[in-house]
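Have a look at the structure below, then the notes.
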Amino acid sequence: MDAITNNLTPAQADAVTHIDGPLLIIAGPGSGKTRVVTHRVAHMLSQGVQPWQIAALTFTNKAADEMRTRLERLAPGQAVWMGTFHRFCAQQLRRYAPYVGLSENYSIYDMSDSKSAMKRAIQAAGVSTSHATPEQIASAISKAKNRLITPEIMQQQTGRAGDSVAARVYPVYQQQLLLANAVDFDDLLYHFARLLRENPEIRGELDAKLKYIMVDEYQDTNLAQYAIVRAMSVDHPNLAVTGDPDQSIYGWRGADLNNILDFEKDYPSVKTVRLEQNYRSTPNILAVADQLIRHNRRRKAKELYTENADGDNVILRQYDDGYQEADAIADEIAEQMMAGTAEPRDFAIFCRMNALTRSLEHALRSRGLPYQIINGVEFYQRKEVKDLLAYLHLVNNPNHDVALQRIINTPTRSIGATTLGRLQAFADAQRIPMLEAARRASEIDSMSKRAQTMLWNFVTLYDRLRRMATAPLEELLRFLIEETKYISYLERTAVEKEDSNPIANVDELVSAAVEFDRMHPDDGSLEAFLEQVALVSDTDKFEDAGNRVTLMTLHAAKGLEFPRVFVIAVEDDLLPHYRSKQDDQQLEEERRLLFVGITRAQQWLQLSYAKRRSVRGDIRVVIPSMFLSELPRADMNVIEARTDRDFFDDGADESYPDSWDLVQEPAPQDDAEKEYTGDAGSVIPDVYRDPSASPAKVKAKRTTPTIAASLQTASDLMSSDRVPLGAYREGSLVRHPEYGDGTITELTGRGPKRTAKIRFSDDQSEQTFRLAFAKLELVDAESR
DNA sequence: ACGGCTAACCATGGA
DNA sequence: GGTTAGCCGT
């Protein structure tokens, strides 16, 4: 008992010793949350709670592993269930599969599996993708599932046009998944939530068995997760959740901030504990994080403080371009290593999207610095790995149509698109899985004799593999590699690339199988292996990778900490991402994302942006992120790029207020200006729109001339002595110096992104132009 | 009819 | 830089 409750702050002890009844732990970054949670479990165990009465739900395996390791130290040998939401649901669904129309050997589709399933469903539903892309449809269906909306309900809701397309695909997609005895990621939660809702006896059993449920990162739960957790906490409402509204960054995955903001309303008898003292970062870093997050409205105000000693000022650095940024950061790391003040594992580099790691990777490699990229999709997404896993999937679940389609002709066995199409049509017509259809190929009239033979060959191969289904995994895997001649197929087809070695990846998969056999000598099953593979991410296992610099996205960085952190490309359209700028809630989520990045740093932090960045080949002028103007610059080291000052020559000497006014209050004389104001609104922090929110206003006044200059440059590009953008209409006649006269057939986008599709009268060709940049003239009908 | 190849086209985040 | 649709050679 002493070892468990000693050395805790009063707040921490409060949380640790609370056993019965709802508990809300609002835990700021670096506040020792994991410590509190594990100590609390240990305390509960010491007070006679049985380990099997406790379940701790997390979002990543890594978080669960971390908890398990720490608990093991406090209370060795106690089998408390700790794992991700998805794994928890997957395991429960194995037991209750028939209740939701599945068999217990059901498969879990990963993102690319669901994508192909979705494409097939869209085809089968016969909807046109001209107004809604497959991605949009998939996202609408995913959102529906996250909100526990059934296909029937979605069809009843006469929503927006895009949704009605999705509403038609949804039941077809769902039906096909059930036929394939498969679920997608959303279904794991969706099916289990509905199972609990529709079967009170199961709900009651679980509620009674799992008397103590804990949820980590509660701010990232969606409605389905909320429903699951609540359903299991009715008779025994000993629900303990931890979270931080300021670190909610998964809204795009359906996370609902209200779950945590309203927790006290859901459970009026809740005990709320706030962990506000930060043990991770220097005051310098914390101050920057705090100033930034104050600009959010939807939050629970929190005082972050630390007793840590002062450290270096946070650096805000400008580079000329992305390459200079990469080189300079690599140099900086090399320098700090040479100075003996740091080693590779001390450094992390965060970015908004994976594509941005490329130049960094190059810079680090050319200097011989060891690094690792934590990419959400890596090993298990590689072709050769997916191929072999598809074989395993099909062996485990003969209804797995996506797997069948992947491997029926891999290695090639003369079963092409035509044959596959006919097979699929037959399967659809008979409502049978495709493997079954292949067995009955002789019944398919349109199928050539030759194709029938090829299909028969495949089915025979499958049956040979199938006989090995219960063998140890390693044996099965080696057998199928042998039988399919997969290695020689790779040697034949794989192109030698610098950093990909398909055969080594196959070996790595075999090693994973060996390891799995070793870990599960008795309970090992193909099904369990496939489930594990489906539910791990590469993010989970970065730790083992040795002494390396870590590159990852801001999303992947959550829950981690590093002594020295670089956040790169803090630029408009990237952070905040351009697809999040239109909506205040999404914009706040972007701000939280930067907040998460900043608060990962223990001792040293640099935020950087470039003046120019090449995006997909072409070089763009960069507008620094609006978030940078929200930081306490007086307490930071602001460093501008050394060269290239004249790039923004016209604006470099402008004082700050003028340039801001330019963006803030463009004289609204005509349509174009109004148009741009609307768009620029999102570039302006909330505080500029709402005078009542004051604290940042003073800070933002310190915006450097350079930032102001580039902002002005952007507005120059937009407005000065150009035809007002609003003057362009669909049907407008225009003249282009190269293409000649034409007519605008379509206008899309706003502000700087305003884009026109133009059909030229000369050759009837259609081209698209960004109005702000294209050399277009409006012509009136008479002058042509 | 199949399969390999080239050429557009397209990209946020990820259990 | 990676993926896919469509083309062309077998």
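Note that the structure is predicted; figures quoted are calculated from it, not measured.
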Practice prompt. For B/dC2, take OP1 and OP2 only and decide whether either is under 4.0 Å from a side-chain N or O of A/T418.
Written response: yes
Worksheet item: Has A/S414 got a side-chain N or O lying under 4.0 Å from the OP1 or OP2 atom of B/dA1?
Response: no
Item to complete: Flag the pair A/Y489 / A/Y486 as yes when their ring centroid distance falls below 6.0 Å, and as no otherwise.
Response: yes
Item to complete: Report the residue (A/H577 or A/I415) whose heavy-atom-nearest nucleotide on DNA chain B is the more 5′ of the two.
Response: A/I415
Worksheet item: A/D110 near the nucleic acid: base, sugar-phosphate alone, or nothing, with a heavy-atom cut-off under 4.0 Å?
Response: nothing
Response to the item:
Against the side chain of A/T84, the closest entry in B/dA15, B/dG4, B/dC2 is B/dA15
Fill in: A/R422, nearest nucleotide to its side chain (from B/dA1, B/dG13, B/dG4)
B/dA1
Worksheet item: Are the charged groups of A/R253 and A/D220 less than 4.0 angstrom apart, N to O?
Response: no
Worksheet item: So, do A/F59 and B/dA15 meet the stacking rule of ring centres under 5.5 Å and planes under 30°?
Response: no
Worksheet item: In whole angstrom, what separates A/K119's NZ from C/dT3's C1'?
Response: 9 Å
Practice prompt. Could you tell me if the ring centre of A/Y250 sits under 6.0 Å from that of A/W252?
Written response: yes
Worksheet, complete the sentence: Rounded to whole Å, CD1 of A/I373 lies from P of B/dG14 at a distance of 13 Å
Worksheet, complete the sentence: Looking only at B/dG4, B/dC2, B/dA15, the nucleotide nearest the A/R450 side chain is B/dC2
Worksheet item: Can you find a side chain N or O atom of A/N354 that sits less than 4.0 Å from OP1 or OP2 on B/dG13?
Response: yes
Discussion item. Heavy-atom nearest nucleotide on DNA chain B for A/T553 versus A/G416: which residue maps closer to 5'?
Written reply: A/G416
Worksheet item: Side chain of A/M111: nearest nucleotide among C/dT4, B/dG13, B/dA15?
Response: B/dA15
Worksheet entry | Closest to the A/R253 side chain, choosing from B/dG13, B/dG3, B/dA15 | B/dA15
Discussion item. B/dA1, OP1 or OP2 - any side-chain N/O from A/S448 closer than 4.0 Å?
Written reply: no
Discussion item. Using only atom types and a distance under 3.5 Å, with no angle test, would you say the side chain of A/N409 pairs donor to acceptor with the backbone of A/S414?
Written reply: yes
Response to the item:
Checking A/Q247, A/E561, A/K558 against A/P29 for side-chain contact (heavy atoms from CB on, under 4.5 Å), the one that qualifies is A/Q247
Fill in: Closest listed nucleotide, where the reference is the side chain of A/K115 and the choices are B/dC2, B/dG14, C/dT4
C/dT4
Discussion item. Taking the minimum atom-to-atom distance to the side chain of A/R358, which one of C/dG1, B/dG14, B/dA1 wins?
Written reply: C/dG1
